[in-house]
Amino acid sequence: MRRLRYVFLLLVILGFAAGIVASLISNQRSAELTASRIQLSAWSLAQLEQEYLKFHASLRLFQAQVIDAERLQLDYDLLWNRLDVFLTGEENRSIRERFDAEPLARRLFDQLQADEALIFAPTLQPGAQLEPLIAAYGSYQQPIRQLIVRNFTGPEAARIIEEVHAQRFLTQALLLGLLFCGGALLLMLFMESRRNNFLARNDALTQLPNRQSLLTLQDKAESETRYSAVAVIEMNNFRSVNEHISHEAGDQLLGRIGSTLNQLKPTGSFIARVGGDEFIMTFSERFPCELVVETLKALAKALSFDFQSEKQLFQVNARIGVVFNSDRNHSIEKLYYCATLAARDLRLSHSSGLKVFDEEINNRYLRSHQLLSDLRRAINGNFPGLALHYQPILGLKQDAMGAEVLLRWNHPSLGNISPLEVVELAENNQLGLPLGRWILQRLKQDLHKLPGEMRQRLYFSINVSPSQFTPRLPKSLAKWLKDAPIGPEQLLLEMTESISVANFNECQNTLHKINALGIDIALDDFGTGYSSLSYLSGLRVQRIKIDKSFVQGISQDLQLQRVVRSIIELCHGFNFSVICEGIEDSADDQQVRLLGSDYAQGYYYGKPMPLAGLIAWFGEHRTEQAEWRQPLPSNHTRH
């Protein structure tokens, strides 16, 4: 579209230039035609008439003895020369060819030639012999006068005048064309200026005001306007549409969202797009709190829909955070900040709908902000409390013992921080990779502190976060193993189903490279995500870890027993080993053994403990493990 506008602008400019050139040429032609008419017609005929009249007058004056023969002969020569030029000159051709001018001039010239001897006779005297000459030359006066009159008023003159008028009309048309082209150019420049001005203050995809308009509104609000509420609207799954379908599909989704917001925007409110999937909405003073809440609830409902492109379907919905300006003293910038925190609270809780800002949200944000700063320092070794704990994993069918590596953070002022909160904080703030490197480095340090026998017998299971699981992970693990005190067969990586589904083909390639190093993969929290037969059949993992929600209390729940038995049989059919986590008593332990689980993990065997606790636990339980293990047939495993 932009290229067409440029082409049109170029055509207008070329048309403008061509019109100017054509107008100049037309004016030049008209001027030349008029000059030719004046010079060749009027001037030539007038000179001819003048010389004729002079000669005719000289004849009469000579007859009256007023002038002498010499003067008469001079006028005769002048008329002779004028007729000779008129009859032979190329510039007079057009005049000779009009109105029988040439025959008339030829007769007059013949008359002069016939009278030459008389006029130049030495004995020329006034007398009766001159009377016939005077009469003969007098007969030419009327035809010459008529020739001049016909030249100015006859058909030929009319044709020339019409041509001049035609040239004038063409000139006027060209000038009008130039005026039109100039007007079109000005209109186009005006429209382009309006469009650029619109795009400077509005979003091209949603047709909503943009951040610049918000800044202008903010400046205006500081001096003139007060707002009762400000809401921030964030869209779920917009980024998924962009990443998994195309950016064109994302643009279509934004267009639909913008159309919905424009249609449902109440009179007196303001909506702007301020980010990729973020919008801001302001309400003027006349909006009571109840009306604001009802409006936003209706908006949240309208923004909840299925978006389908080709064969993929996404559930789109909105997170709306709102803050009320009860005392009308807060700036729009402050209100926007608070509404963003309310929307962020919904995002962190993986919820949608409407959230009203309160002090609790603000306190949670301040706490999260402090934790983020401290976590960054802790990863760099400049803040205390970050440590690794280990929870035992037992083999139920073979002599195998392991430990899951778990992150713990005992904050000096905030106490124990949930591992899930730490991981989510790191993943949401580009600290996932640094935290993963810290865990591997600390594990290596702890491994060097283990007794030799214990280090040889145990394997260690490490959880991999989404930000760590990249094509660079196999190379990082290979580098870590070079100076680690354990072999690759003693390392187990645990990943969630969501990681493997995000990009299945790329994930398979990465898993293949990790397996090639000799490292096994376990699929964590199985049963809570995308589990399917086609998914399992193509997955390059060696273990399946059944989520504890299916295992806790299994000895008392026949339905859970059926589900877990089916999962174990399915996994064994795919040649996967199975770990049941969440074993908390002996009854559950006996039940998962009967169901055929290969490994077990839970408080019944040991809680997460620091390295010293793990060393003590190993010393106490290495002789008991044979009693826990029953001689059941073994499936595929390396640990």
Side-chain angles (χ1 to χ4, degrees), residues 387-408 436-465 468-469 473-495 510-524 540-545 575-581 597-602 605-606 608-626 628-629 634-639:
L388 295 183
H389 281 206
Y390 302 88
Q391 186 176 24
I393 304 174
L394 296 182
L396 302 181
K397 299 179 180 180
Q398 63 281 322
D399 185 12
M401 299 176 67
E404 182 177 2
V405 181
L406 300 171
L407 184 67
R408 293 293 183 267
R437 287 194 294 266
W438 183 92
I439 291 173
L440 286 172
Q441 188 62 30
R442 179 56 61 90
L443 173 61
K444 187 181 293 184
Q445 295 174 7
D446 287 353
L447 289 175
H448 282 289
K449 299 175 183 178
L450 292 177
E453 179 190 358
M454 180 179 178
R455 188 166 58 237
Q456 292 176 2
R457 287 196 59 185
L458 291 181
Y459 67 88
F460 295 86
S461 179
I462 302 175
N463 290 280
V464 178
S465 68
Q468 287 178 272
F469 198 85
L473 180 59
K475 185 179 292 186
S476 300
L477 292 173
K479 183 178 179 181
W480 184 86
L481 286 169
K482 284 183 178 179
D483 55 353
I486 60 174
E489 71 281 355
Q490 292 177 269
L491 194 62
L492 178 69
L493 297 186
E494 294 188 20
M495 68 174 188
T510 302
L511 292 177
H512 176 72
K513 292 179 180 179
I514 294 174
N515 288 156
L517 296 174
I519 301 173
D520 278 358
I521 308 292
L523 189 64
D524 198 10
R540 295 178 180 273
V541 299
Q542 287 69 49
R543 293 192 188 186
I544 299 295
K545 198 169 188 178
N575 205 27
F576 298 147
S577 297
V578 178
I579 306 173
C580 286
E581 63 175 341
S597 179
D598 302 290
Y599 299 89
Q601 179 182 355
Y605 311 108
M609 58 193 75
L611 184 66
L614 181 66
I615 294 174
W617 178 90
F618 179 79
E620 294 174 4
H621 294 88
R622 60 181 173 178
T623 57
E624 299 178 9
Q625 206 250 347
W628 285 354
R629 178 172 51 85
S634 171
N635 284 309
H636 162 76
T637 182
R638 266 212 302 255
H639 299 302

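Below, each value reflects all heavy atoms present in this structure, side chains not excepted, and no hydrogens, waters or symmetry copies.
- In this structure, the side chains of Leu447 and Phe460 come closer than 4.5 Å at one or more pairs of heavy atoms.
- With hydrogens and angles disregarded, a donor-acceptor distance shorter than 3.5 Å links the side chain of Gln490 to the backbone of Gly487.
- Val405 has its side chain out of reach of Arg442: every pair of non-hydrogen atoms, C-beta onward, lies at least 4.5 Å apart.
- No side-chain heavy atom of Leu473 sits under 4.5 Å from any side-chain heavy atom of Lys513.
- The shortest heavy-atom contact between Ser597 and Val578 is OG-O, 3.5 Å.
- For Gln456, there are no side-chain hydrogen bond (donor to acceptor under 3.5 Å, both in side chains) partners two or more places apart in sequence or in a different chain.
- Partners of Arg540 by side-chain hydrogen bond (donor to acceptor under 3.5 Å, both in side chains), not counting sequence neighbours, listed by chain and number: His512.
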Hey, mind stepping through Leu388 and Leu406 against side chain to side chain contact (heavy atoms under 4.5 Å, CB included) and telling me if it holds?
CA-CA 6 Å; Leu388 295 183; Leu406 300 171; over 6 Å; no

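- Between Ile462 and Leu492, every side-chain heavy-atom pair lies at or beyond the 4.5 Å cut-off.
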Could you please spell out the steps behind the side chain to side chain contact (heavy atoms under 4.5 Å, CB included) verdict for Lys449 and Ile615?
CA-CA 10 Å; Lys449 299 175 183 178; Ile615 294 174; 5.7 Å; no

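- Rounding to the nearest 0.5 Å gives a distance of 7.5 Å between OG of Ser465 and CD1 of Ile439.
- Here the CZ-NE2 distance, from Arg455 to His448, works out to 7.5 Å after rounding to the nearest 0.5 Å.
- Using a 3.5 Å distance cut-off with no hydrogens or angles, the side chains of Tyr390 and Asp446 do pair a donor with an acceptor.
- Shown here are the side-chain hydrogen bond (donor to acceptor under 3.5 Å, both in side chains) partners of Thr510, two or more places apart in sequence or in another chain: there are none.
- When every heavy atom of Tyr605 is checked against every heavy atom of Leu394, the shortest pair comes out as CD2-CD1, 3.4 Å.
- For the pair Pro392 and Gly606, the tightest heavy-atom approach, listed with the atom from each and the gap, is CD-O, 3.6 Å.
- Nearest heavy atoms, Lys545 versus Glu404: NZ-OE1, 2.9 Å.
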Any chance you could lay out the side chain to side chain contact (heavy atoms under 4.5 Å, CB included) test for Glu581 and Gln391, step after step, and finish with the verdict?
CA-CA 11 Å; Glu581 63 175 341; Gln391 186 176 24; over 6 Å; no

One pair to check against side chain to side chain contact (heavy atoms under 4.5 Å, CB included): Leu523 and Met495. What are the steps and the verdict?
CA-CA 5 Å; Leu523 189 64; Met495 68 174 188; 4.3 Å; yes

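- Between the side chains of Gln398 and Asp598, not a single donor N or O lies within less than 3.5 Å of an accepting N or O.
- Using a 4.5 Å cut-off on side-chain heavy atoms (C-beta onward), Leu517 and Leu491 make no contact.
- Put simply, CD1 on Ile521 and CZ on Phe469 are 6.5 Å apart, with the number rounded to the nearest 0.5 Å.
- With a 4.5 Å cut-off on side-chain heavy atoms, Asn515 and Gln542 count as touching.
- Put simply, the side chain of Met401 does not reach to within 4.5 Å of the side chain of Ile393, judged on heavy atoms.
- For the pair Arg457 and Phe618, the cation-pi criterion (under 6.0 Å, within 45° of the ring axis) is not fulfilled.
- Of all non-hydrogen atoms in Asn463 and Gln468, the two that sit nearest each other are O-OE1, 4.0 Å.
- Between Tyr459 and Asp520, the closest side-chain pair of non-hydrogen atoms is not below 4.5 Å.
- Atoms CG and CG, on Asp524 and Leu493 in that order, are 12.0 Å from each other to the nearest 0.5 Å.
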